[in-house]
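Order of the sequence lines fixes the chain letters, A, B, ..., with proteins taken first and strands second; residue numbering starts at 1 for each chain. Reckoned from all heavy atoms, side chains included, excluding hydrogens, waters and symmetry mates. From a predicted model like this one, the values you see are computed outputs, not experimental measurements.
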There are 2 protein chains.
Amino acid sequence: MAATLWDVAKQTGLSIATVSKYINGIRVKESNAARIQQAIDELGYRVNMIARGLKTNRSMTVGVLIPSLVNLFSTSIVSAIERVLQENGYSTFICDYNSDPEMEENRFRFLMDKSVDGIIIMPTSIPETSLDRAVQSGIPLVSIDRPLEGTDTVLVDNFLASYEATQHLIQAGHRRIGIITGPGTIYTARERYRGYMQAMKDSGIDPDPACIRQGDYELPGGHALTREILDHTEPPTALFVTNYEMTLGAVIALNEMNVSIPRDLSFIGFDNLEMAQIIKPRLTIVMQPVALIGKTAADLLLRRLSGDMQDFPVLHRLKTELIPGDSVIQPK
Amino acid sequence: MAATLWDVAKQTGLSIATVSKYINGIRVKESNAARIQQAIDELGYRVNMIARGLKTNRSMTVGVLIPSLVNLFSTSIVSAIERVLQENGYSTFICDYNSDPEMEENRFRFLMDKSVDGIIIMPTSIPETSLDRAVQSGIPLVSIDRPLEGTDTVLVDNFLASYEATQHLIQAGHRRIGIITGPGTIYTARERYRGYMQAMKDSGIDPDPACIRQGDYELPGGHALTREILDHTEPPTALFVTNYEMTLGAVIALNEMNVSIPRDLSFIGFDNLEMAQIIKPRLTIVMQPVALIGKTAADLLLRRLSGDMQDFPVLHRLKTELIPGDSVIQPK
DNA sequence: TTGAAAGCGCTAACAT
DNA sequence: ATGTTAGCGCTTTCAA
């Protein structure tokens, strides 16, 4: 059906080998080059990547494994990854594991079976041992958002992000500061909780457990827990919500309860500048450099793919940014 | 490095062909089957999909092309597609074209070059002629969300969805009904606009242009246009917003403006039941069956992939659902 | 500079 | 039921 090297060779009267060389950028006689190119155009010849892959043992694809495709944070990163990889001739198998630990391993194996050249993974609970197969096959692995033992990693300084946000509230004069964290099983959630606790401690504040709620990183959780915290007889004067979905839920809940930001409650949210800027008053948020995370991970993988194993395993800890809005003022 | 058929054959003392047969589910002697399986386990043998693909001329991958990876509607569909495909042994190349017409063609060609077995595309502006290559290569194509000439298509009845929503407002007694539509370049936006106009017309209402705004399907647009419409000297008594992002923007804007739903304004939004249920009062929304769209498209593609070209090209027009909330009441 | 030939790992006749 | 063999389309020595 589709034209092959053989067709081009035949049409030009040259050999397959010569045509192959031309395609791979090896010098051929100028006049031949022209004839080959013409034949390629006429026949609409395109390299069969599968055949090439079989020969070169490189599929020019990388796998990207994320908890969920239906999550803005993940997909923003993937979007950046895909762009970089694509610019370098790689294509991307994107897999989600539905935040399901079993499926996580499952999909990882699946990617391996697809003979990807490298893998970028946002792990939740996959045990290090399951990754051995990749390591042993010499397939580069880059972990994002959460660290993995003995693996190149790109993440943000979650502890510091949370520390700074909390400190920001403290400096505004708050002492009764609420926080909605993520699941204790998730690394980022633990780190963000740590940052909050440390900041409180460093200021000599003893946090009230009534102000601390562990959420699930999902919108409904943020909504419900915000109500819980605010319904307390002595609600906090400031609230810090530690991811995007829960921030959305919190804002909706506060609107419903007619709790005015920042008059009744100072507020710091997480991620998604766009949303933060649209809300009135503009929300003060912790912003993660999603595009940079993706780009850094992709660049790193590309480097490993090219055989450069310098400084392995490296840990890129990117900085978050506290974007000031109008949602934090002094408590009454 | 990795074990091949040859290794397994050698270890078992059988021939490559026999091992291959076993792997492909062709009966071999029971005792041999056991030996082969054991060797496979011991060696950690896994089929080389690339080699198999070269031989069978099927890569067992399909391409999915969407405008954006950073859009809940798209990714929800993709998520469903991926699930179905994966269950059937296919893997998925997900590409986004950043809502950029040039890139759209670009990425389409890219997928073709990757010798995918089939393609599911959510097209924006790709000309039918660009798809010829797929058609000529015999690569099945399924279009989602928007119809494509001569192509299997899965979409929802946008006209009816909008008609019903508008009618719902009219039946509640509204006559001054605002709408925020999407870009005129996008099929769904045009259809939703048509549905609104038709419903108004069928009830003998002449819509006021001041109540009609064309948005961009993005959150900030919904936000800004809601303010515009409400700032009018004679604002509508009801507002219909025609996609998720803009609905989010509209709700935020209304909260800011202290416009109470439904007391001051009846409201119908679009998509994302989760959000609609969390907002108080619960939003009445038009819901698209995203999971079903994905599943239908994947099933259809799978059918074409298996050679069943019955009723080609078929158009699946799925039904949306108007989910009643508490955001629509009679106007004052 | 070009071409002949040997596979990459697998499947599928075909023969046994 | 099993084995032999001929490729799939490409890259890459090696020789000419």
Side-chain angles (χ1 to χ4, degrees), chain A residues 1-37 39-40 43-61 89 91 112-117 137-139, chain B residues 1-40 43-61 89 91 112-117 137-139 307:
Chain A
M1 193 88 244
T4 70
L5 263 195
W6 186 87
D7 298 306
V8 179
K10 183 159 180 190
Q11 175 133 168
T12 55
L14 295 163
S15 76
I16 289 185
T18 305
V19 178
S20 172
K21 288 192 180 99
Y22 169 76
I23 285 168
N24 289 288
I26 295 171
R27 279 201 62 77
V28 298
K29 196 161 43 164
E30 193 114 349
S31 60
N32 285 339
R35 289 202 356 252
I36 294 174
Q37 187 54 57
I40 287 178
L43 296 167
Y45 170 80
R46 322 232 80 196
V47 175
N48 180 327
M49 302 299 276
I50 306 233
R52 174 183 280 175
L54 180 59
K55 186 66 193 179
T56 60
N57 207 22
R58 307 184 59 203
S59 60
M60 295 304 282
T61 66
S91 46
M112 296 288 305
D113 286 348
K114 281 290 170 176
S115 29
V116 293
D117 295 337
S137 314
I139 294 184
Chain B
M1 190 91 246
T4 71
L5 264 195
W6 186 88
D7 297 307
V8 179
K10 184 160 179 187
Q11 173 130 176
T12 56
L14 295 165
S15 77
I16 289 187
T18 305
V19 179
S20 172
K21 288 195 179 95
Y22 169 76
I23 285 169
N24 290 287
I26 295 171
R27 281 202 61 78
V28 298
K29 197 162 41 167
E30 194 113 349
S31 60
N32 285 338
R35 295 213 338 263
I36 294 174
Q37 187 55 56
Q38 193 190 348
I40 288 177
L43 296 167
Y45 169 80
R46 321 231 82 195
V47 175
N48 181 327
M49 302 299 276
I50 307 233
R52 175 183 279 175
L54 180 58
K55 183 68 190 177
T56 60
N57 207 23
R58 309 184 57 202
S59 60
M60 294 305 282
T61 66
S91 46
M112 295 287 306
D113 286 348
K114 281 290 171 176
S115 30
V116 292
D117 296 337
S137 315
I139 295 185

What's [X] touching, base or sugar-phosphate or nothing? Going by heavy atoms closer than 4.0 Å.
X      : result
S20(A) : base
N24(A) : sugar-phosphate
Y45(B) : sugar-phosphate
I50(B) : nothing

[X] vs [N]: side-chain N/O to OP1/OP2 distance below 4.0 Å:
X      : N       : value
S15(A) : dA4(C)  : no
T4(B)  : dG9(C)  : no
T56(A) : dT11(D) : no

Please state how far atom [atom1] in [X] lies from atom [atom2] in [N], giving the value in whole angstrom units.
X      : N       : atom1 : atom2 : value
I16(A) : dC8(D)  : CD1   : P     : 10 Å
L54(B) : dC8(C)  : CG    : P     : 13 Å
I23(B) : dA12(C) : CD1   : P     : 13 Å
D7(B)  : dC10(C) : CG    : P     : 9 Å
K21(B) : dC10(C) : NZ    : C1'   : 13 Å
W6(B)  : dT5(D)  : CH2   : P     : 17 Å
M60(A) : dT11(D) : CE    : P     : 12 Å
M49(B) : dC8(D)  : CE    : C1'   : 16 Å

Which atom of S115(A) lies closest to which atom of S59(A), heavy atoms considered: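 The answer is O-OG, 2.6 Å.
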
Nearest non-hydrogen partners of T12(B) and V19(B), listed with the distance: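 Nearest pair, atom of T12(B) first, then V19(B): OG1-CG2, 4.3 Å.
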
Listed nucleotide nearest any side-chain atom of N48(B), set dC10(C), dA13(C), dC10(D):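 The listed nucleotide nearest to N48(B)'s side chain is dC10(C).
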
Minimum-distance nucleotide to K29(A) side chain [options: dC10(D), dG3(C), dT1(C)]: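 For the K29(A) side chain, the nearest candidate turns out to be dT1(C).
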
K114(A), NZ: over 12 other non-hydrogen atoms inside 6.0 angstrom: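 More than 12 heavy atoms, drawn from other residues, nucleotides or ligands, come within 6.0 Å of this atom.
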
Audit row: I23(B), V8(B), side-chain contact (heavy atoms from CB on, under 4.5 Å) steps and yes/no: CA-CA 11 Å; I23(B) 285 169; V8(B) 179; over 6 Å; no

Distance-only donor-acceptor test (3.5 Å): side chain K55(A), base dG7(C):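 Looking at the base of dG7(C), it does pair with a donor or acceptor on the side chain of K55(A) (distance under 3.5 Å).
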
Audit row: I36(B), K21(B), side-chain contact (heavy atoms from CB on, under 4.5 Å) steps and yes/no: CA-CA 11 Å; I36(B) 294 174; K21(B) 288 195 179 95; over 6 Å; no

